[in-house]
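What follows is one structure encoded as structure tokens, with my remarks underneath.
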Amino acid sequence: MLEIKDLTISISGRYLIKNLDLILNNGDKLAIIGEEGNGKSTLLKSILEICEYAEISGKINLKGNRIGYLEQSISDDKLDKNVYDFLFIDENDYYDKINNLYKYLKLINLNDDILKQKISTLSGGEKVKIIILKLLLDEYDILFLDEPTNDLDIETLEWLEKFINNTNKPIIYVSHDETLLANTANMILHLEQIKKKTECRHTLLRIDYDTYVEQRLRKIEKQTQVAKSEKREFDKQLEKLQKIMQKVEHQQNAISRSDPHGAQTLKKKMHSLKSQEKRLDEAELTEVPDVEESISFFFENVEVPRTKNIINLNIDELKVSDKVLSKNIKLDIIGNVHLCIIGKNGVGKSTLIKLIYNELKDRDDIKVGYMPQTYDDILNSYKYVLNFICPDGSKEEITKARMFLGNMKFTREEMTSNIKDISNGTKAKLFLIKLVLDKCDVLILDEPTRNVSPLSNPVIRKVLNEYKGTIISVSHDRKYINEVVDTLYVLTPNGLVKQR
């Protein structure tokens, strides 16, 4: 069991969480949700007492439980290890672990030849699988999972859902995968930053994800209607009162000095009216709900004719260094198709989509935008947010960029911040804004939804679904595949196989 009492977390005076009380028992599957930068990963690290950058107060009682922690990425000092050494750092329980090793390898769809590979050579999904494998082998009492679905293939995602549901161990996890959340969570902790990110708020409920979202939307809608109704009634009463006051004031100005009784009567009436005005001003009206996830963006005047030829690929071998990932890849793309490539981890999806980008990026007849799997591959060339999205720096360009950043819920400070200081989710939104501002009519997207809040992702899917340009993407997000994609391929060692 895990018990938390009165937990408060802040960074440089900005509160992420105030007075959180939480008890986690066997069988609890707690999903932490919220927008980018709201402290989800910081909360996990704070509970584990490994957070060095935040001020933390409150009581955390782990009651002697062993905690397994899946980080968002493997630390640099472990990347040069081979997988086998990474799994068996502690030799004391070697024999207990080795008995389960091959069983778990099979469960998460890995071949035993991966044990000899260096971690640095693995795909993003393979790295996540290796960390999950280590957690399974070490048999922890409570699991903390920070974005466990990042880069996992669909087959392993489905396995992970079954694992979370079938284990009785308490699990706290951060995820942006709405399907995983809907299929596994029985508790929700929603972290928010409201009033233009000046105040924090948290909601903790023992409830499944779909019910939480439905109830939240109903509550927001109802409160919005009540707030608008009360404001209309307030304005109506205030207008009526002001008209009466103007009439009385006019009468006061016109009354003769020879009528002191009438003047006194009007004075009393005005005093009464001002008292009514004061009571009206002091009345507490229902506020329009302050919510975060109402991001907004759109593509202007982008359309690709269905007959336009985008690319004709014919690749004998898809390779990384000397390793052949796939053979005989043939792909013809025309018009405003919304295409997605899926496949097992390590088969070469990101390698293929990067190759497609390099083939298209210098074309004069199309404007190509690229969102890589690893954002820093591109962002490391830029220091500040505005340097990336409007490199020319003209006044008109910066004004438009700030408008789009505001629509994506960037604060003024974030608009001028150093790129290295923003979260991966905020970086994902930065790429989306860049695609819009550049008026790209061909989007090459490697996992476009994976780092964005599940409450913002529906907006992104809607915009991409309505996009009239060409989308060439890699994704394991099942909602994205169902709602955005009209052409689906599976990349196998023997090439691309069309699914629809």
side-chain contact (heavy atoms from CB on, under 4.5 Å) against Asn165, all qualifying residues, sequence neighbours excluded: Thr184

query: Any ring-ring contact (aromatic ring centres under 6.0 Å, His included) pairs touching residues 118-169, not counting sequence neighbours?
result: Trp159-Phe163

- request: Write out all pairs satisfying ring-ring contact (aromatic ring centres under 6.0 Å, His included) with one or both partners inside residues 321-363, taking only residues at least two apart or from two chains.
  value: Tyr357-Tyr370

Within the side chain of [X], is there an N or O that forms a donor-acceptor pair under 3.5 Å with the backbone of [Y]?
{"X": "Asp208", "Y": "Ala185", "answer": "no"}
{"X": "Asn82", "Y": "Tyr84", "answer": "yes"}
{"X": "Tyr104", "Y": "Ile132", "answer": "no"}
{"X": "Lys29", "Y": "Ile164", "answer": "yes"}

Any Lys/Arg nitrogen of [X] or [Y] sitting under 4.0 Å from an Asp/Glu carboxylate oxygen of the other?
{"X": "Lys118", "Y": "Glu126", "value": "no"}
{"X": "Asp85", "Y": "Lys78", "value": "no"}
{"X": "Arg218", "Y": "Glu214", "value": "yes"}

How would you list, by chain and number, every residue that makes a ring-ring contact (aromatic ring centres under 6.0 Å, His included) with [X], sequence neighbours excluded?
{"X": "Tyr489", "value": "none"}
{"X": "Tyr382", "value": "Phe388"}
{"X": "Phe404", "value": "Phe298"}

- prompt: By side-chain hydrogen bond (donor to acceptor under 3.5 Å, both in side chains), which residues pair with Glu52, not counting sequence neighbours?
  reply: none

side-chain hydrogen bond (donor to acceptor under 3.5 Å, both in side chains) involving Lys40 - partner list, sequence neighbours excluded: none

Could you note down all residue pairs passing salt bridge (Lys or Arg N to Asp or Glu O under 4.0 Å) where [range] supplies at least one of them, sequence neighbours left out?
{"range": "residues 100-112", "result": "none"}
{"range": "residues 415-431", "result": "Glu35-Lys429, Glu36-Lys429, Asp376-Lys427"}
{"range": "residues 483-492", "result": "Arg461-Glu483"}

- prompt: How about Asn380 and Asp377: does a side-chain donor come under 3.5 Å of a side-chain acceptor?
  reply: no

Output side-chain donor-acceptor pairs under 3.5 Å for residues 321-331, partner residues at least two apart or in another chain, one line each.
from	atom 1	to	atom 2	distance (Å)
Ser326	OG	Thr492	O	2.6
Ser326	OG	Gly495	N	3.2

